[in-house]
Protein chains: 2
Amino acid sequence: MDGDKTDRRSQRTRRLLTNALVELLQEKRFDGISVQDILDRADIGRSTFYAHFTSKEDLLYSSLGQMLHSLQMHIEQAEATTAMLPSLELFRHIKGHQRLYIALVTANSLEPIARNLQQQIAQIVEHNLRSQVPANRQLAVPLPVLADFVASAFLSLLVVWLEGNNTWSPEQVDTMFLQMVQPGVKSVLAGGG
Amino acid sequence: MDGDKTDRRSQRTRRLLTNALVELLQEKRFDGISVQDILDRADIGRSTFYAHFTSKEDLLYSSLGQMLHSLQMHIEQAEATTAMLPSLELFRHIKGHQRLYIALVTANSLEPIARNLQQQIAQIVEHNLRSQVPANRQLAVPLPVLADFVASAFLSLLVVWLEGNNTWSPEQVDTMFLQMVQPGVKSVLAGGG
DNA sequence: TAGTAACCGAACAGATTGTTCAATAACGGC
DNA sequence: GCCGTTATTGAACAATCTGTTCGGTTACTA
């Protein structure tokens, strides 16, 4: 059976397909991309594609998974500088992989990705917040909901940033982010009305 | 040519198609729904469909448009009770059209809708905020970005609400929403760091 | 009631999807 | 470097979907 990830040929195929998809994502929407488009761009045989992935969605999530793994590494490395929210690290990591993120997050993107991304980011945030609140404390807003709020605010700012104001630095974006988000988070964690 | 919106037959056709789509959206994702599915469910001829809409997306946006129009009306009616953010009115309106919103906003939804909804809500919010800040004041966060932040936080909470915690009342949800969002908004409008 | 307008439904070309299979090429352990 | 193993190829396949056309039928409305 095909799909051995260690074989050099397999790696090559997977790399070509991933690159082709990323390229195409910068040209048009995901649902406007056919498997045939990917095959043509990657110059890969039809049967080979289906030996590796079950669908174009499968390929997409494989790429997304790689990216999120790298993101997670980045966060954990920087965890020494434990701010209340690790947002600056996120913004920096994204700036470093701009092209892919632009393709994934902005106009060419699609709902499942944004959703998946938001969930992953929410988990990171929740993990961070949980360490700052006693386990048995009752909050006015459940922690998962609060984390989801932070993640969604994060992504919305990301879209604005990547789509339009590419001149802002990660630090500038982070400052804006924190000014909008942090007061609310503090308010909830403090238990104030 | 077909498509006269006043003719009773046209109205019937459009209603049947819209209902069929909403029904199907509660069963599966939009991109998993074919025109054929809609025709079967609505019991409408293929050519008739294309006489009214250019595609299933067209039908979808027509439905979404109706909904947002009704939402806009609802907001404007309630504008007497000018809170800082008209969020409670939004939550109430949504509770009143739960089924459709659940179909549109939650797991069965798709990116273009969420995006469109967010933009529309952001516009409502921006309109509201603009009246509270002098025209020439420079804010640490541009008003459109701030409005986008509010809208995205709103939608994220909406998803949590409609998908899981359906027992919360609009008032409860609104309280949580404001606790998370309002401090940040005030901070930006006040010009504080 | 009569003319107009919408609906039907079958049929069409073109594109897409996911699978199969035998032939070919490349890999990597020995 | 040899050779068995494994991946890739490319063509062909049925099945589905899309958007359009057109002659005939039905139902509205003036």
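Every heavy atom of this structure was used, including side-chain atoms; hydrogens, water molecules and symmetry mates were not. Here is the naming used below: chain letters follow the sequence lines, and residue numbers restart at 1 for every chain. Model, not experiment: these values are computed from the prediction.
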Legend entry - N/O donor-acceptor pair, side chain A:Ser47 with base D:dG10, under 3.5 angstrom: yes
Legend entry - Earlier contact from the 5' end, DNA chain C, for A:Lys56 and B:Arg12: B:Arg12
Could you list all N or O pairs between the protein and nucleotides 24-30 of chain D that sit under 3.5 Å apart?
{"residue": "D:dA27", "atom": "N3", "partner": "B:Arg9", "partner atom": "NH1", "Å": "3.2"}

Legend entry - Sidechain-backbone polar pair: B:Trp161 side chain, B:Trp168 backbone, donor-acceptor under 3.5 Å: yes
Inset, instruction - Could you tell me the separation between the CD1 atom of A:Ile33 and the P atom of C:dA15, rounded to a whole number of Å? - result: 19 Å
Legend entry - For atom CG of A:Asp31 and atom P of C:dT16, their distance in whole Å: 14 Å
Inset, instruction - Measure the distance from CD on A:Gln36 to P on C:dG14 and round it to the nearest whole Å. - result: 17 Å
Inset, instruction - Classify the nucleic acid contact of A:Ser55 as base, sugar-phosphate or nothing, counting any heavy atom under 4.0 Å across all strands shown. - result: nothing
Inset, instruction - Mark yes or no for whether A:Thr54, through its side chain, and A:Tyr50, through its backbone, hold a donor-acceptor pair below 3.5 Å. - result: no
Legend entry - Lys/Arg N to Asp/Glu carboxylate O, B:Lys28 vs B:Asp37, below 4.0 Å: yes
Inset, instruction - Please determine if a side-chain N or O atom of B:His52 lies less than 4.0 Å away from the OP1 or OP2 oxygen of C:dA6. - result: no
Inset, instruction - For A:Phe53 and D:dA7, give me the distance from atom CZ to atom P, rounded to whole Å. - result: 14 Å
Inset, instruction - Round to a whole Å and report the spacing from CD of A:Gln11 to C1' of D:dT8. - result: 16 Å
Inset, instruction - Measure the distance from CZ on B:Arg14 to C1' on C:dC7 and round it to the nearest whole Å. - result: 15 Å
Inset, instruction - Spell out, as yes or no, whether a donor-acceptor pair under 3.5 Å connects the side chain of A:Gln172 to the backbone of A:Ser169. - result: yes
Legend entry - A:Ile44 vs B:Val35, nearer the 5' end of DNA chain D by closest nucleotide: A:Ile44
Inset, instruction - Looking only at side-chain atoms of B:Tyr50, point me to the closest of D:dT18, C:dT19, C:dC8. - result: D:dT18
Inset, instruction - Would you mind reading off the distance between A:Phe49 atom CZ and D:dG10 atom P, rounded to a whole angstrom? - result: 17 Å
Legend entry - No-H, no-angle donor-acceptor pair, A:Arg46 side chain to D:dG10 base, under 3.5 Å: no
Legend entry - Under 3.5 Å donor-acceptor, A:Lys186 side chain and A:Val181 backbone: no
Legend entry - Residues B:Gln36 and B:Asp40: side-chain donor-acceptor under 3.5 angstrom: yes
Legend entry - Residue from A:Asn19, A:Leu21, A:Ile44 passing side chain to side chain contact (heavy atoms under 4.5 Å, CB included) with A:Ile38: A:Leu21
Legend entry - Interatomic distance, A:Leu17 CG vs D:dA7 P [rounded to whole Å]: 15 Å
